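Note that ligands are numbered from 1 as they come in the structure, with each ligand's atoms numbered from 1 the same way. Just so we're clear, the structure is a prediction, and the values are computed from it rather than from any experiment.
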Amino acid sequence: MRIVHTLAELRGALHGARTTAFVPTMGNLHEGHLALVRTAAQRGGGPVVASIFVNRLQFGPNEDFDRYPRTLARDCELLEGAGCDLVFAPDEAELYPEPQGYRVQPPAALADILEGKFRPGFFTGVCTVVMKLFQCVQPAVAVFGKKDYQQLMVIRGMVRQFALPIEIVGGETLRADDGLALSSRNGYLSESERAESVALSAALRALADAIRAGARDLPALEARAMESLRARGWRPDYLTARRRADLLPPTPAQIDAGEPLVALAAARLGGTRLIDNLEI
Ligand code: PAF
């Protein structure tokens with residue numbers, strides 16, 4: 001496996017490969033990322049490239065950009081073991097040699113709700129860096145985790161509307177035995193917070209079960225679920241069931257008609273903000 005830090009080295013290493021499979025990451029990797037790399041290896045048919053870049057543009061002023069763990073050496077060992085061929089790990093000056101004035105702004109209807117409501121500008125930052133990484137790597141296939149469900153939808157929309165010749169593949173969320181979705185930010189949790197953290201996936205499962213059992217008053221169900229998280233010491237941003245197609249709230253009639261749904265949640269436990277989702 002090769003590790004390159006500049007765009008010139010990356011282009012030289014790929015020398016025009018047209019079947020590259022790509023997994024963009026911010027590093028601090030866990031098994032969930034490695035599963036995406038394995039998926040990329042199966043889907044691409046060419047070299048597997050992973051990028052490691054903590055993208056300042058997608059962090060708000062009070063978020064964890066500075067403390068986000070930079071663990072390049074360990075990440076590269078893990079990537080090699082998972083079958084990655086090439087790691088692109090640029091520094092900020094390489095990817096943003098001048099202030100990034102041109103940005104990719106996704107539509108508000110999809111990007112200013114849920115995560116976008118609580119992290120203003122987040123999806124513009126994500127789309128801008130992903131568009132740039134796509135230009136650098138020029139992959140045929142790119143794999144994004146379903147754990148960041150809304151991000152996956154925003155990227156799919158960007159690829160469709162800009163007619164990018166890239167197949168976007170969604171990788172399943174990996175979970176710890178107790179149900180906690182694997183995430184780089186789980187490392188911020190103290191021992192007692194780690195024990196409590198399972199309550200988030202449990203709340204999503206309870207919401208999904210209630211809907212499957214026929215409950216239709218979603219606002220009441222969601223309010224109750226958020227309240228019980230609050231009672232356990234969480235500060236939830238949202239916990240809600242939405243249509244998979246556009247992340248808008250379903251009507252009871254749509255649920256009865258079998259509309260595919262997804263339950264999504266974001267909540268803070270101590271200083272850590274966790275997100276999770278469950279397709280219903
Ligand atoms: O999901 C992530 O890790 C990031 O949002 C991404 C896609 C690598 C862009 O910085």
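Using a 4.0 Å cut-off between heavy atoms, Thr25 contacts ligand 1 through its backbone alone, with no side-chain atom that close.
Exactly one residue among Arg273, Lys147, Arg242 makes a salt bridge (Lys or Arg N to Asp or Glu O under 4.0 Å) with Glu115. That residue is Arg273. Checked options Ile52, Val54, Thr71; the residue passing with Asn28 is Thr71 (criterion: side-chain contact (heavy atoms from CB on, under 4.5 Å)).
Contact detail for Ile3 and Cys76: the closest heavy-atom pair is CD1-SG, 3.6 Å.
In terms of N/O distances under 3.5 Å, ligand 1 is approached by Gln58. For ligand 1, the polar-atom distance check finds an N/O of Gln151 within less than 3.5 Å of one of the ligand's N/O atoms.
In the vicinity of Val129, heavy-atom distances shorter than 4.0 Å reach the ligand 1 atoms 9 (C), 10 (O).
Look at Arg175 and Asp276 and you find a salt bridge, because one of the NZ, NE, NH1 or NH2 atoms lies within 4.0 Å of a carboxylate O, short of that distance.
With Gln100 contributing its side chain and Tyr102 its backbone, the two residues share a donor-acceptor pair below 3.5 Å.
Scanning the protein heavy atoms around atom 3 (O) of ligand 1, the nearest turns out to be Met26 CG, 3.7 Å.
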